[in-house]
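Following: one structure in structure tokens, then a few remarks.
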Amino acid sequence: MSWGLKNRVERLMKGGRTVMLAVDHGYFQGPTTGLEDPRKTITPLLPYADSLMLTRGVLRTSVDPDLEVPVVLRVSGGTSILKELSDEVVTTSIEEAIRLNASAVAVSVFVGSEHEKETLANLAELVNEGERYGMPVLAVTAVGREMARDARYLGLACRISAELGASIVKTYYCEDFSKVVNGCPVPVVIAGGKKLPERDALVLAQNAMAGGASGVDMGRNIFQSSDPVGMMKAVRAVVHEGARADDAFRLFDEGQAARQIAR
Ligand code: R5P
């Protein structure tokens, strides 16, 4: 592994933990609730993000170039919620990722889906290219629609991604999550998934950290919150300070009340 690749991973995971802000949802689901105006959503959250995961289109149009937060560039896509989601291709080259000063590229793999093989080949191709330029690859794992999101299938997808050379793997939290982490020799971060009540999302983060996650790559549970900045701070407390979900939720609740009074 080259020094450059290691350096990029370190930038993303200072101290081995990370709070990634995921705002790439539009690449397959269009103007997602909370991301209709990406700049408006992203800007106030930047001071609290360890990295920002997004497409080149949103990076170019909605983030100023004096950005100091490392970028994880979403480089797979080519399909939409109207079609088969696993039918993805690589949409953005490693050279473009370097031009955009990305710290990693992100690609989805759909294990057990119709286009499993193609998505795994996308990952392998990006790892091969990434090794040449010192660019880490984050594998965003999903499992087939008919498969349970459990430790068996998520563990399968994570392990395959690591075996193909991903530097970081993103998955979903599940029961027996430590089995997923223990079977995956690279850092694992969790997506938040659909919007939950804030306290539940913090419990999810707490449980994932207890199960050995290296952090979160969270989107909707942040930017669809009634107080996105407060939620970022609360998630940071869980990931970086080991705060209990209850204490982090109190932080969120008190902060939200104070901000409402100030308005
Ligand atoms: C999904 O493919 C996207 O890459 C999202 O970035 C990912 O699902 C994380 O966002 P959320 O926490 O909203 O699930």
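Both ligands and their constituent atoms are indexed starting at 1 by order of listing.
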* Structure fact -> The atoms of ligand 1 lying under 4.0 Å from a heavy atom of Asp217, numbered in the order shown, are 9 (C), 12 (O)
* Could you go step by step and tell me if Ile160 and Leu120 meet the side-chain contact (heavy atoms from CB on, under 4.5 Å) rule? -> CA-CA 8 Å; Ile160 290 171; Leu120 293 174; 3.7 Å; yes
* Mind checking whether Arg74 has a heavy atom under 4.0 Å from ligand 1? -> yes
* To do: Could you find the nearest protein heavy atom to atom 5 (C) of ligand 1 and give me its residue, atom name and distance?
  => Asp24 OD1, 3.3 Å
* Atom of Asn221, atom of Gly193 and distance for their closest heavy-atom approach -> ND2-O, 3.3 Å
* **Donor on one side chain, acceptor on other, Gln29 and Thr32, under 3.5 Å** => yes
* **Numbered atoms of ligand 1 (with element) below 4.0 Å of Gly192, judged on heavy atoms** => 11 (P), 12 (O), 14 (O)
* Would you indicate whether the side-chain heavy atoms of Val235 and Met218 approach each other to under 4.5 Å? => yes
* Asked: Do ligand 1 and Val140 have nitrogen or oxygen atoms that lie under 3.5 Å from each other?
  -> no
* Relative to the heavy atoms of Arg220, which atoms of ligand 1 are at a distance of less than 4.0 Å? -> 11 (P), 12 (O), 13 (O), 14 (O)
* Proximity flag Asn221 to ligand 1, non-hydrogen atoms under 4.0 Å -> no
* **Ala22 neighbourhood, listing ligand 1 atoms whose heavy-atom distance to it stays under 4.0 Å** => 6 (O), 9 (C), 10 (O)
* Polar proximity ligand 1 side, Gly193 side, N/O cut 3.5 Å exclusive -> yes
* Does at least one non-hydrogen atom of Lys170 fall below 4.0 angstrom from an atom of ligand 1? -> yes
* Asked: What part of His25 sits under 4.0 Å from ligand 1 if we count only heavy atoms: the side chain, the backbone, both or neither?
  -> side chain
* Asked: Would a line drawn from the ring center of Tyr48 to the ring center of His240 be shorter than 6.0 Å?
  -> no
* To do: Decide whether Arg11 and Ser103 meet the rule of one side-chain donor and one side-chain acceptor closer than 3.5 Å.
  => yes
* Atoms of ligand 1 close to Met218 [distance to a heavy atom under 4.0 angstrom, numbered from 1] -> 12 (O)
* Asked: Between the side chains of Glu88 and Ser76, does any donor sit under 3.5 Å from an acceptor?
  -> yes
* **Contact check, side chains of Val188 and Val186, non-hydrogen atoms, under 4.5 Å** => no
